[in-house]
Amino acid sequence: MSEYILVAVAWPYASGPRHLGHVAGFGVPADIFARYQRMKGNRVLMISGTDEHGTPVTLAADKEGITPKQLVDRYNEVIGNDLYQLGLSYDLFTRTTTRNHYAVTQDLFKTLYERGYIIVQTTLGAFSASTGQALPDRYIEGTCPICGYSEARGDQCDNCGSQLDPTDLINPRSKVDGQPPVFRDSEHFFLDLPAFAAQLQAWLVQQEHWRPNVRSFSLNMLADLKARAITRDLEWGIPIPLPEYADRNDKKIYVWFDAVIGYLSASIEWAHNQGTPDAWREWWQNPSARHVYFMGKDNIVFHSIIWPSMLLGYGNGGTFGGGQGEPLHLPTNIVSSEFLTMEGKKFSSSRGIVIYVRDFLSRYDPDPLRYFLTIAGPENQDTDFTWAEFVRRNNEELVATWGNLVNRTLTNVYRNFGCVPQPGRLSDVDQGVLDEIAHGFTTVGELIDAARFQAAIKETMRLASLVNNYLSEQEPWRVIKTDRERAATILYVALRCVDNLKLMFTPFLPFSSQQLHAMLGYSGFIAGPLEFREYTESDGSTHRVLTGAYATWVGRWEPTDLPVGQALLQPAPLFKKLDESVVAEELARLEQA
RNA sequence: GCCGGGGUAGCUCAGCGGUUAGAGCGAUUGAUUCAUAAUCAAUAGGUCACGAGUUCAAAUCUCGUCCCCGGUACCA
């Protein structure tokens with residue numbers, strides 16, 4: 001019985017290229033989960049896109065003297081390429097500047113507004129004296145009234161940690177042009193979060209399967225819930241869908257309000273692109289579907305409080321819901337990761353403590369990166385990326401344990417038989433190792449399903465060691481000198497194990513598993529490939545999306561019947577051993593940046 | 001400040017009330033040589049941040065202290 005599973009992946013922000021920390025937090029874990037579920041035969045819809053509105057985009061564009069749209073076009077392409085090269089198997093990776101996304105966002109806004117969940121309040125805002133541009137709190141700096149630190153931000157002082165208001169600062173100035181800001185009243189729309197407090201509470205207490213930090217953090221927030229502004233004084237954003245704002249260019253929907261709606265709008269776009277415009281309902285209006293969200297810990301509140309409130313308020317209503325069927329589905333699980341640091345420090349583009357995904361992949365293969373981010377990534381606590389550790393994990397774990405097992409097995413078989421050998425009678429030891437590997441489909445599968453990816457890949461590696469152990473004990477290279485049939489049996493068993501491990505490694509290491517699949521003499525795509533497609537919307541605008549024909553995958557999450565006699569291809573190493581000098585080279589590169 | 005998470009072997013991390021606290025790597029010793037000098041086995045290595053408490057039993061629960069990370073509602 002196949003399940004409907006929505007894999008909702010956090011939307012990378014299109015203000016610049018993304019670094020390793022970003023993909024460690026949401027991309028790789030989500031892809032492992034999605035690939036496993038597809039191999040298992042479930043109906044997976046994995047969606048996301050670039051998040052393209054908001055102040056940082058406009059400021060970055062101003063700095064370069066280009067329009068926000070030009071800037072996000074560039075980074076949508078860069079980020080899309082990164083994700084493609086990493087093999088993240090989105091059913092749809094789109095963007096928030098599509099006509100479809102605007103329409104869905106406006107539908108939610110309008111529906112929530114009509115139902116009284118959006119209210120108007122006046123707040124004091126800061127504006128640039130020269131350009132009139134609104135300045136978010138953190139774009140204002142000045143002297144901290146508490147500790148006297150001269151570079152305190154409008155929201156917080158980094159020196160003493162005090163929470164501040166921009167109006168508290170002594171000698172406030174804009175971080176953009178250094179001029180003192182002008183403060184004036186501004187009318188904004190607020191999402192009435194307290195209206196959902198009771199429903200959220202009832203829902204959250206039931207979510208005992210969530211990682212504890214997500215649940216307790218969210219429950220805690222409920223105690224002191226306030227209405228939250230969902231519009232900004234900004235030109236760049238989705239227009240407020242009310243008649244009196246139709247011609248106004250100074251106030252737009254807040255970027256986070258539209259970003260979370262992306263999960264729904266991307267599902268709707270996917271269905272439309274497939275030519276089955278209502279297919280999104282099979283995930284969103286299906287109470288037995290599972291919705292699993294992946295993100296970094298800084299995004300929790302938007303997914304556990306704000307987005308659920310919006311879904312509760314919308315129900316099945318509005319233009320897209322059509323007032324029919326079940327209310328839209330709330331998150332089933334919110335898988336939040338901790339943070340990856342870089343050589344002991346926080347990632348920081350401005351200070352050059354960063355490795356961009358594209359730079360990394362220009363020099364190294366995607367699977368070693370996916371391996372590192374899974375086995376040593378920030379799943380349960382902050383973890384550190386160091387080049388020394390990356391090289392070590394690559395050489396001494398990935399190459400030595402799994403790569404070597406594949407290479408020694410295939411080389412032995414290829415040289416002596418050329419094809420999958422006919423086994424003789426299996427001994428208890430033979431059957432024992434086959435059974436243990438086959439059992440991995442259960443243990444590894446359960447770990448992945450529970451979002452315990454680190455434990456899952458460790459278990460898979462342990463199984464690979466087991467087969468190395470089996471070969472060491474059985475010594476087929478010695479046996480073959482005296483007993484060819486026994487050697488054939490041993491190698492057949494090892495090859496069956498490798499074939500099954502190949503499948504178990506596929507969610508983690510899709511590229512090398514595909515290579516191995518071919519070397520074992522199989523055809524077809526075990527789990528791939530990804531592709532870009534161009535779509536044109538009704539207004540004639542086009543955009544590129546990342547997608548793939550995943551239904552054609554031949555990889556199944558179950559033991560294989562490796563056909564006796566199947567011809568193998570000439571084996572070649574799956575992974576490259578990295579020279580120790582890589583560490584010094586990369587550290588020097590960081591120094592220069 | 002407040003809220004949440006974390007501090008465990010040389011390193012990177014699991015474990016989160018129950019036999020003598022685990023893994024991988026590193027170290028030492030031995031075996032092996034089919035394989036990318038890749039493998040396999042054994043040994044050594046820890047007052048589980050610190051202090052107090054609850055309990056028959058604490059790395060695990062409670063309280064306090066110190067340090068690191070995130071959030072703190074106008075960064076996303």
Side-chain angles (χ1 to χ4, degrees), chain A residues 10-15 51 53-57 59 123-126 134-140 146 153-156 160-163 165-166 186 188 190 193 211-221 223-229 231-234 254-256 259 296-302 305-306 336 338-339 341 346 375-384 386 388-389 392-393 395-397 399-401 403-413 415-416 452 454-455 458 461-462 465 468-473 475-478 480 487 491 571-577:
Chain A
W11 291 55
Y13 195 58
S15 63
D51 177 17
H53 297 117
T55 308
V57 161
L59 293 178
T123 56
L124 192 65
L135 295 167
D137 290 357
R138 69 167 44 202
Y139 285 96
I140 299 168
I146 293 158
R153 288 196 318 254
D155 55 343
Q156 188 174 50
C160 68
S162 309
Q163 224 189 120
D165 256 339
S186 181
H188 281 291
F190 284 69
L193 293 173
R211 289 182 188 172
N213 60 332
V214 179
R215 181 165 170 269
S216 44
F217 172 84
S218 307
L219 277 168
N220 205 281
M221 280 212 64
D224 188 25
L225 214 50
K226 290 177 228 155
R228 184 151 176 152
T231 50
R232 291 288 183 276
D233 291 299
L234 198 63
Y254 172 42
V255 59
W256 257 117
K297 60 179 163 182
D298 52 341
N299 282 184
I300 294 173
V301 63
F302 299 100
I305 304 278
I306 297 176
S336 135
E338 303 293 308
F339 280 1
T341 53
K346 247 163 117 168
I375 201 155
E379 184 173 309
N380 297 298
Q381 62 174 290
D382 293 355
T383 58
D384 195 28
T386 63
E389 186 70 359
R392 190 194 69 67
R393 293 255 187 201
N395 291 353
E396 287 161 24
E397 297 181 12
V399 172
T401 304
N404 180 50
L405 170 63
V406 171
N407 197 230
R408 71 196 300 210
T409 306
L410 265 62
T411 304
N412 270 293
V413 173
R415 182 186 302 151
N416 294 303
R452 298 191 54 202
Q454 199 175 91
K458 280 183 177 169
M461 288 295 279
R462 190 188 69 81
S465 296
N468 271 324
N469 189 342
Y470 169 81
L471 284 175
S472 289
E473 282 173 0
E475 302 182 300
W477 51 88
R478 177 188 302 229
I480 197 157
L491 288 173
L574 281 185
F575 308 105
K576 295 187 195 86
K577 193 162 176 170

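The chains referred to below are lettered A, B, ... by the order of the sequence lines, with proteins before strands, and numbering in each begins at 1. The basis for the numbers below is simple: all heavy atoms, side chains too, and nothing from hydrogens, waters or symmetry mates.
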Which part of the nucleic acid, if any, lies within reach of [X] when heavy atoms closer than 4.0 Å are counted: base, sugar-phosphate only, or nothing?
{"X": "A/D233", "result": "nothing"}
{"X": "A/R393", "result": "base"}
{"X": "A/N220", "result": "sugar-phosphate"}
{"X": "A/I306", "result": "nothing"}
{"X": "A/E473", "result": "nothing"}
{"X": "A/N416", "result": "nothing"}
{"X": "A/I140", "result": "nothing"}
{"X": "A/L225", "result": "base"}
{"X": "A/P573", "result": "base"}
{"X": "A/L574", "result": "base"}
{"X": "A/V399", "result": "base"}

Which sits closer to the 5' end of RNA chain B, A/E379 or A/P166, going by the nucleotide each is nearest to?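 Going by which nucleotide is closer to the 5' end, it is A/E379.
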Report the residue (A/W256 or A/E397) whose heavy-atom-nearest nucleotide on RNA chain B is the more 5′ of the two.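 Counting from the 5' end, the first nearest nucleotide belongs to A/E397.
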Quote, to the nearest angstrom, the C1' distance that separates B/A14 from B/G7.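 Those two atoms are separated by 15 Å.
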P spacing across the pair B/C50 / B/A58, given as an integer number of angstrom: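 Nearest-Å result for B/C50 against B/A58 at atom P: 16 Å.
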Look at the side chain of A/T123 against the base of B/C74 and say whether a donor-acceptor pair falls under 3.5 Å; ignore hydrogens and angles.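 By the distance-only test, yes, there is a pair.
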Interatomic distance where [atom1] belongs to [X] and [atom2] belongs to [N] [whole Å]:
{"X": "A/W477", "N": "B/C34", "atom1": "CH2", "atom2": "C1'", "result": "5 Å"}
{"X": "A/N395", "N": "B/A37", "atom1": "CG", "atom2": "C1'", "result": "12 Å"}
{"X": "A/M461", "N": "B/A14", "atom1": "CE", "atom2": "P", "result": "17 Å"}
{"X": "A/E396", "N": "B/A23", "atom1": "CD", "atom2": "C1'", "result": "15 Å"}

Just N and O in the side chain of [X]: are any of them under 4.0 Å from OP1 or OP2 of [N]?
{"X": "A/R138", "N": "B/C75", "result": "yes"}
{"X": "A/R392", "N": "B/G24", "result": "no"}
{"X": "A/Y254", "N": "B/A76", "result": "yes"}
{"X": "A/N380", "N": "B/G6", "result": "no"}
{"X": "A/R232", "N": "B/C75", "result": "no"}

Listed pairs, N/O of protein and of nucleotides 67-71 of chain B, under 3.5 Å:
residue: B/C69; atom: O2'; partner: A/K297; partner atom: NZ; Å: 3.1
residue: B/C69; atom: O2'; partner: A/D382; partner atom: OD2; Å: 2.6
residue: B/G70; atom: OP1; partner: A/K346; partner atom: NZ; Å: 2.8

If you define the side chain from C-beta out and look only at heavy atoms, does anything of A/F575 sit under 4.5 Å from A/V406?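 Side-chain contact under 4.5 Å: no.
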Using 0.5 Å steps for rounding, measure from the CZ atom of A/R392 to the OG1 atom of A/T386.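 Nearest 0.5 Å value for the CZ-OG1 distance: 9.0 Å.
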Using atom types as modelled and distance alone, determine if a side-chain donor or acceptor of A/N407 lies under 3.5 Å from a backbone N or O of A/L574.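 Flag not set: sc A/N407 to bb A/L574 has no pair under 3.5 Å.
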Any donor-acceptor pair under 3.5 Å linking the side chain of A/Y139 with the backbone of A/R153?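 A pair under 3.5 Å: no.
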Heavy atoms from C-beta onward define the side chain here; which of [options] lies closest to that of [X]?
{"X": "A/N404", "options": "B/U39, B/A76, B/C75", "result": "B/U39"}
{"X": "A/Q454", "options": "B/C13, B/U39, B/A35", "result": "B/C13"}
{"X": "A/L193", "options": "B/C74, B/A73, B/C40", "result": "B/A73"}

Across all strands shown, which nucleotide pairs with [N] by Watson-Crick or G-U wobble geometry, both distances under 3.5 Å?
{"N": "B/C16", "answer": "none"}
{"N": "B/U65", "answer": "B/A49"}
{"N": "B/U43", "answer": "B/A27"}
{"N": "B/C2", "answer": "B/G71"}
{"N": "B/U54", "answer": "none"}
{"N": "B/A37", "answer": "none"}

Six-ring centre of A/F339, A/K346 cation under 6.0 angstrom, axis tolerance 45°: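 Output no; distance or angle outside limits.
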